[in-house]
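Values below: every heavy atom of this structure, side chains too, minus hydrogens, waters and symmetry copies. Just so it is clear: chains get the letters A, B, ... in the order the sequence lines come, proteins before strands, and each one is counted from 1.
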Number of protein chains: 2
Amino acid sequence: MAGQSKENTRYVGDTVAHDDDTIDFEIIELLFFAYRDFTSDPDAILEKGGFGRAHHRVLHFVDREPGMTVANLLDTLKITKQSLARVLKQLIDSGYIRQVTGPEDRRQRMLYTTEEGQALARALAEPQSRRIAHALAKTGPGARETVKRFLACMKNGAGD
Amino acid sequence: MAGQSKENTRYVGDTVAHDDDTIDFEIIELLFFAYRDFTSDPDAILEKGGFGRAHHRVLHFVDREPGMTVANLLDTLKITKQSLARVLKQLIDSGYIRQVTGPEDRRQRMLYTTEEGQALARALAEPQSRRIAHALAKTGPGARETVKRFLACMKNGAGD
DNA sequence: AAAATATGTCAATAAGGCTGACATATTTTT
DNA sequence: AAAAATATGTCAGCCTTATTGACATATTTT
């Protein structure tokens, strides 16, 4: 683990603590700030429509996986049915998402974005995409593959 | 913008929409899942002590920048004084953070982690650091520099 | 006919943000 | 010295997003 930079030795009580050297505070903080600003882009747009980040997530996944059922969505978001209910209802009432009774199992509600929903999903993703493109360009050639692999490995269950 | 992968053309009404090709959904999603799981590590530890992510952030920054004032902290976290108040008070009452009246300006309260606070901050950072080390190792040599640069550029005000 | 499933909904609770208003101590300005 | 500005603390109330538990409805499976 090279290039860890200057972690300062500090005084804890009367013993010197240089434990920090084991901890990668540098990337922890970079990740925090990167993600904070990454999500701030869509937040500004969402506010106008009275929506929040919860709506963004629902809209995003429904848009990306058209025909998703409610159960699918709950599983992806890892929230409870009751938590999803209000957010989903607002998106449906606002005309961004529509439900279609499952063709095989009529208990299911397949979810689709409407044209407006797709437009909103796109508007939300656009500034994020631009931010990513800019960062990749500044980082240099090959950055995309490296970043992709890194992020994929950061996720749980990424095949160890 | 190469290697964008297979964005499907979809049917919106009766016109074909291949706009998605402009949007980097792949990295947007990788970031979402990476960060979701990255924060889940400390969340589990925090729950035991009745703390949440808000406490983690406060503890982290005070630990990293000892002697920080309340105003500094508000500026870093970008939350309001009232929002900070409850969380900070709990951390002080629990003995993880202590306040020292500013030596020059006695209105200020300089914040420091106690030994317990440092231990907790470390315990929270450790699984995150391990996750990062693992991902960097799996990504390959040179990954650290590339990822660092990428993340730094994702942040606002990173020099264009 | 009974049981299981997919979804919807009501009620109560909690964390963590927010705003506005105001109090106190201290420093700076006039 | 008096007035204004600053740093912090705190009260009260509101919003969003999450939680759990309970129950209703329609539909499919057993």
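The CG atom of B/Leu84 sits 14 Å away from the C1' atom of C/dC18 (whole-angstrom rounding). Going from atom CZ of B/Arg36 over to atom C1' of D/dT17 covers 17 Å, rounded to whole Å. Between the CZ atom of B/Phe51 and the P atom of C/dA14 there is a distance of 17 Å, rounded to whole Å. Rounding to whole angstrom units, CZ of residue B/Arg57 and P of C/dA15 are separated by 15 Å. Here the P atom of nucleotide C/dG17 and the CG atom of A/Leu46 are 18 Å apart, to the nearest Å. The CG-P distance, from B/Leu74 to D/dG9, rounds to 9 Å in whole Å. The CZ atom of B/Arg86 sits 10 Å away from the P atom of C/dC18 (whole-angstrom rounding). Atom CG in B/Asp75 sits about 12 Å away from atom P in D/dT8, given to the nearest Å.
Side-chain to base pairing of A/Lys89 with C/dG8: no donor and acceptor N or O lie closer than 3.5 Å to each other. In this model, a side-chain donor or acceptor of B/Arg107 finds a partner on the base of D/dT6 within 3.5 Å. Taking only distance into account, the side chain of A/Gln82 meets the base of D/dG21 through a donor-acceptor pair shorter than 3.5 Å.
A salt bridge is absent between B/Glu145 and B/Arg149: the closest approach of a Lys/Arg side-chain nitrogen to an acidic carboxylate oxygen does not fall below 4.0 angstrom. The residues B/Asp24 and A/Arg144 are annotated as salt-bridged, a charged nitrogen and a carboxylate oxygen being separated by less than 4.0 angstrom.
Looking at which nucleotide of DNA chain C each of B/Gln90 and B/Lys81 is closest to, the 5′-most match is held by B/Gln90. Comparing B/Met110 and A/Gly50, the nucleotide of DNA chain D nearest to each residue sits closer to the 5' end for B/Met110.
Comparing D/dT8, C/dA6, C/dG8 by their nearest atom to the side chain of A/Arg109 picks out C/dG8. Considering only side-chain atoms of B/His55, the nucleotide from D/dG9, C/dG16, D/dA18 that sits closest is C/dG16. Of the listed nucleotides (D/dT20, C/dC18, D/dT27), C/dC18 has the atom at the smallest distance from the side chain of B/Thr80. Checking D/dT10, D/dA7, C/dA6 against every side-chain atom of A/Asp105, the shortest atom distance belongs to C/dA6.
Taking 4.0 angstrom as the limit, A/Ser83 places a side-chain polar atom (N or O) nearer than this to OP1 or OP2 of D/dT19.
Of the residues listed (A/Leu77, A/Val70, A/Thr69), the one engaging A/Leu73 in a side chain to side chain contact (heavy atoms under 4.5 Å, CB included) is A/Leu77, and it is the only one. Screening A/Leu46, A/Ile45, A/Asp41 for a side chain to side chain contact (heavy atoms under 4.5 Å, CB included) involving A/Asp43 leaves a single residue, A/Leu46.
Contact check for A/Arg122 versus B/Ile23: side-chain heavy atoms found under the 4.5 Å cut-off. Between B/Leu124 and B/Gln128, every side-chain heavy-atom pair lies at or beyond the 4.5 Å cut-off.
Using a 4.0 Å heavy-atom distance criterion, A/Arg53 is classed as a sugar-phosphate-only contact. The residue B/Gln99 sits close only to the backbone: its heavy atoms come under 4.0 Å of sugar-phosphate atoms, none of a base.
Under the Watson-Crick or G-U wobble criterion, with both distances below 3.5 Å, D/dA7 is paired with C/dT24.
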